[in-house]
Amino acid sequence: MDLKVFYRKVRETEAGIGEAYPVVVSEETADGGRAGVRSEVSREVAARMIVEGRARLATAEEAAEFREQVLEAKRQAEAQAAASRVQLTVVSEAELRALKSALRPAKG
């Protein structure tokens, strides 16, 4: 393939992509590429993948679903990280009685 033609197609495709980070859906390729894998990439990478026939732009519905899945995965990761930071202190029965008695108001 003529490189000038290839890069002109890449530039034209890139100019037609509205988002800075579009979602693309992979196409099946002869070298083992799996179809249907969604990724968020830069406009330049998306244009190159489209021209090479390795991907297509995701529909608005597919992009919204992908971004929601990413947000949910992020929420779960943050919740898991927060759960791992929980600190636990073991208090013996004698220490517990001492703490309780220190908190009781003095009678008198």
Side-chain angles (χ1 to χ4, degrees):
M1 174 184 255
D2 185 17
L3 287 179
K4 288 182 181 182
V5 173
F6 174 78
Y7 284 108
R8 186 179 65 230
K9 285 182 182 179
V10 170
R11 284 191 303 275
E12 289 170 357
T13 304
E14 184 180 341
I17 298 173
E19 300 176 271
Y21 293 95
V23 176
V24 294
V25 180
S26 68
E27 300 286 352
E28 188 170 345
T29 61
D31 61 351
R34 292 188 345 205
V37 178
R38 293 175 286 182
S39 303
E40 187 173 28
V41 296
S42 69
R43 185 181 299 142
E44 298 83 16
V45 172
R48 187 177 191 130
M49 290 176 74
I50 292 167
V51 170
E52 291 173 349
R54 293 187 292 152
R56 65 173 173 79
L57 278 179
T59 63
E61 184 178 286
E62 289 173 325
E65 182 182 318
F66 172 75
R67 288 187 172 117
E68 182 58 38
Q69 288 174 350
V70 169
L71 283 174
E72 182 59 31
K74 182 180 180 211
R75 283 187 212 115
Q76 289 178 358
E78 287 173 348
Q80 189 174 16
S84 68
R85 288 190 302 261
V86 172
Q87 294 183 351
L88 190 61
T89 303
V90 178
V91 179
S92 69
E93 195 173 327
E95 291 173 320
L96 180 61
R97 275 191 246 121
L99 286 171
K100 283 183 179 181
S101 65
L103 293 175
R104 287 190 194 128
K107 292 183 183 177

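Each residue takes its place number in the sequence, starting with 1.
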> Does anything in residues 83-96 pair up under salt bridge (Lys or Arg N to Asp or Glu O under 4.0 Å), and if so which pairs, sequence neighbours excluded?
Replying inline: E93-R97

>> If I compare all heavy atoms of R43 with all of G18, which pair ends up nearest, and what's the gap?
In response: NH2-O, 3.7 Å

> Taking a hydrophobic cluster as the set of Ile, Leu, Val, Met, Phe, Trp and Tyr residues connected by side-chain heavy atoms closer than 4.5 Å, whether directly or through intermediates, do V10 and L3 fall within one such cluster?
Replying inline: yes

> Nearest 0.5 Å, what's the CD1-CD distance between I17 and E12?
Replying inline: 12.0 Å

> Does atom CD of E72 have more than 12 heavy-atom neighbours, drawn from other residues, nucleotides or ligands, at distances under 6.0 Å?
Replying inline: yes

>> Is there a path of hydrophobic side-chain contacts, each under 4.5 Å between heavy atoms of I/L/V/M/F/W/Y residues, joining L57 to V41?
In response: yes

> Quick one: salt bridge (charged side-chain N to carboxylate O under 4.0 Å, His left out) partners of E27, sequence neighbours excluded?
Replying inline: R56

> What about V24 and V45, same hydrophobic cluster or not, with Ile/Leu/Val/Met/Phe/Trp/Tyr joined at side-chain heavy-atom distances under 4.5 Å?
Replying inline: yes

>> Looking at every heavy atom in both P22 and A46, which two are closest together, and how far apart are they?
In response: CG-CB, 3.7 Å

>> Strictly below 4.0 Å, N to O, side chains only: are R48 and E44 in salt-bridge contact?
In response: no

>> Counting C-beta onward and ignoring hydrogens, is there a side-chain heavy-atom pair between R67 and V23 closer than 4.5 Å?
In response: yes

> Would a distance-only check, ignoring hydrogens and angles, find a side-chain to backbone donor-acceptor pair under 3.5 Å from S26 to V37?
Replying inline: yes

> L96, L103: one ILVMFWY side-chain cluster at the under-4.5 Å cut-off?
Replying inline: no

> Can you tell me how far the CZ atom of R11 sits from the CZ atom of F6, to the nearest 0.5 Å?
Replying inline: 11.0 Å

> Distance only, no hydrogens: is a donor on one side chain within 3.5 Å (strictly under) of an acceptor on the other, for T59 and E61?
Replying inline: no

> Measuring from M49:CE to T13:OG1, what's the distance to the nearest 0.5 Å?
Replying inline: 13.0 Å

>> Taking V70 as the starting point, is it possible to reach Y21 by hopping between hydrophobic residues whose side chains are less than 4.5 Å apart?
In response: no

> Counting only heavy atoms not in R34, do more than 12 sit closer than 6.0 Å to its CZ atom?
Replying inline: no

